[in-house]
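In what follows, a structure is listed as structure tokens, so that the remarks can point back to it.
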Amino acid sequence: MTDRYDAIILGAGGAGLMCAGVAAQRGRRVLVIDHADEPGKKILISGGGRCNFTNLHTAPDRYLSSNPHFARSALDRYTPADFLAMVERHGIAWHEKTLGQLFCDGSARQVVAMLVDECARGAATLRLNAPISELSHADGLFTVCYREGIATAPALVVATGGPSIPKIGATGFAYDLARRFGLKVVEPRPALVPLTLSQDEALFRSLSGVSAPVLARAGRTGFREAALFTHRGLSGPAILQVSSYWRHGQPIAIDFLPDHCEGWLIDMKRSRPRISLASLLAGLLPGRLAEALADRIALPGPLDEQRDARLREVERRLAGWEFRPNGTEGYAKAEVAVGGVSVDALSSKTMAAKSLPGLFFIGEAVDVTGWLGGYNFQWAWASGWAAAHAL
Ligand code: FDA
């Protein structure tokens, strides 16, 4: 028997559940299908189990997309304050950690329970453990065959996310489907991901476990946060952020002393003439890092024995230490994918395909990727909400 709905939503992650709850409470008959055995698995593992569910500084310039203006409409209409109002309505305690990042005090499970409850309030049907075997479109209706049955609807919302963390059921299904319906896909790549280094980056590889606040840059984009040296390369928020902007073959530059202005070392030469670079760095940076940098720079003797030109050179080196990652840790470790269903093919107001208005793409499947810090969930909520209002 074929069940008839107003909308079928593929994927019970953040975007799909938000879309389902809102559309169902607007009176739509909604079916959500997911092949996983529980909804919102990425929400559950997010933010170290506490889900960094939004960011107070959400703005389109904190997203990567081939059209940087695309996200504005949805982000303006469903804001962090709107999501926070829902969180509070459900009595979920939260706190701001840093940089506008809001987390649950308790568990990410509360966010999933909230979204599932919103779906139940609208009587949306949720089918889990339901792999999709066939999907077709004819006479204005989408037909989806899944494990438990067959459903049709005039609207299909694709909310199956991106391919990061395949072990919890992430797939590139949305991209395949988009291509099948003739929509362009911006080639996805892992983002918010640790970078790996080859054996010859001996400096960084020797520092596994050390963390320091730095300014990390890929091209013209820089982030001031912590970098963490790992046995495979570099991680920590500053590196995850620049990884989204990094392209194979490009260098990354690290400023180890971002609070120091040009000329600081020459000023030091005047105020503390007998100090060595190694002792100076030891007072400014974690011990092992200071030692490794001083060894590499190899400045013999105290500062007053150095020419100003040489000190300027040392400053420049410390402010833009270049290294060339040989890759990333891939989708197994990436929080998101950059790229996805081309925004040129979608309406920024409704997320519907311009060429087939009953077909919607929302959340991470779309070529809109946020910075680290709650921006990706805010996009999932906002794009889900935008589509729900067009169903
Ligand atoms: P999402 O991936 O959440 O959901 C897609 C759903 O579709 C899944 O339930 C999946 O099972 C289902 N699906 C996939 N393929 C299917 C198929 N073929 N058939 C049926 N169902 C299918 N962001 C943030 O803002 N704050 C944070 O704290 C974090 N933390 C974080 C930690 C980690 C470890 C990761 C991997 C990611 C984050 N993120 C994050 C990113 C965030 O999780 C991500 O951007 C959103 O979950 C995207 O939501 P979607 O609903 O678009 O996809």
Side-chain angles (χ1 to χ4, degrees), residues 8-20 31-55 58 62-64 80 83 97 99-104 108 111-112 115-116 126-135 144-147 156-177 190-194 237 240 244 329-338 340-341 351 360-385 387:
I8 300 170
I9 299 175
L10 306 182
L17 291 173
M18 169 61 87
C19 184
L31 169 68
V32 187
I33 303 173
D34 200 304
H35 63 177
D37 55 1
E38 64 178 325
K41 281 194 167 180
K42 273 198 190 161
I43 299 175
L44 295 177
I45 60 168
S46 69
R50 290 220 160 91
C51 185
N52 177 193
F53 56 78
T54 192
N55 193 297
T58 295
R62 277 136 200 251
Y63 292 85
L64 291 84
F83 191 76
K97 196 169 169 192
L99 304 170
Q101 301 168 3
L102 305 192
F103 286 76
C104 299
V111 173
V112 177
L115 294 168
V116 169
L126 181 56
R127 295 272 182 258
L128 299 169
N129 270 320
I132 296 150
S133 51
E134 249 180 82
L135 195 157
V144 180
C145 302
Y146 61 101
R147 213 188 59 179
L156 180 76
V157 182
V158 185
T160 51
S164 61
I165 322 287
K167 71 170 187 229
I168 60 163
T171 67
F173 180 84
Y175 310 149
D176 299 341
L177 199 66
L192 299 182
V193 63
L240 298 183
S244 302
E329 292 200 22
Y331 286 123
K333 290 283 164 63
E335 286 203 6
V336 286
V338 164
V341 179
M351 306 294 134
F360 297 76
F361 288 87
I362 57 174
E364 199 187 318
V366 179
D367 174 27
V368 172
T369 307
W371 286 0
L372 188 76
Y375 296 101
N376 283 299
F377 279 133
Q378 188 57 36
W379 170 247
W381 320 137
S383 57
W385 189 94

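Just so you know, ligand 1 is whichever comes first in the structure, and atom 1 is the first atom listed for that ligand.
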Next item on the list: Before giving the answer on side-chain contact (heavy atoms from CB on, under 4.5 Å), spell out for Arg50 and Lys97 the whole-Å C-alpha distance, their side-chain angles and the decisive distance to 0.1 Å.
Entry: CA-CA 11 Å; Arg50 290 220 160 91; Lys97 196 169 169 192; over 6 Å; no
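Heavy atoms of Ile43 found under 4.0 angstrom from ligand 1: none, in either backbone or side chain. Heavy atoms of Ile168 found under 4.0 angstrom from ligand 1: none, in either backbone or side chain. Contact annotation: for Tyr375 versus ligand 1, heavy atoms closer than 4.0 Å belong to the backbone alone. The parts of Phe377 lying near ligand 1 are both backbone and side chain, judged by heavy-atom distances below 4.0 Å. Looking at Pro131 against ligand 1, nothing comes within 4.0 Å, counting heavy atoms.
Among protein heavy atoms, atom 9 (O) of ligand 1 sits closest to Asp34 OD2, 2.5 Å. Closest to atom 36 (C) of ligand 1, if we only count protein heavy atoms, is Ile165 CG1, 3.3 Å. At the top of the distance list for atom 49 (O) of ligand 1, counting protein heavy atoms only, stands Ala380 CB, 4.0 Å.
Considering backbone and side-chain atoms alike, Lys41 places every N or O at 3.5 Å or more from each N or O of ligand 1.
In this structure the side chain of Val341 never reaches within 4.5 angstrom of the side chain of Val158, judged on heavy atoms. In this structure, the side chains of Trp371 and Ser244 stay at 4.5 Å or more apart for every pair of heavy atoms.
Counting only distance, with no hydrogens or angles, the side chain of Ser133 and the backbone of Cys145 share a donor-acceptor pair below 3.5 Å.
For atom 5 (C) of ligand 1, the nearest non-hydrogen atom from the set Ala332, Ala159, Gly48, Gly11 belongs to Ala159.
For the ring pair (Phe, Tyr, Trp, His ring centres under 6.0 Å) with Trp381, the lone residue among Trp385, Trp379, Phe377 that qualifies is Phe377.
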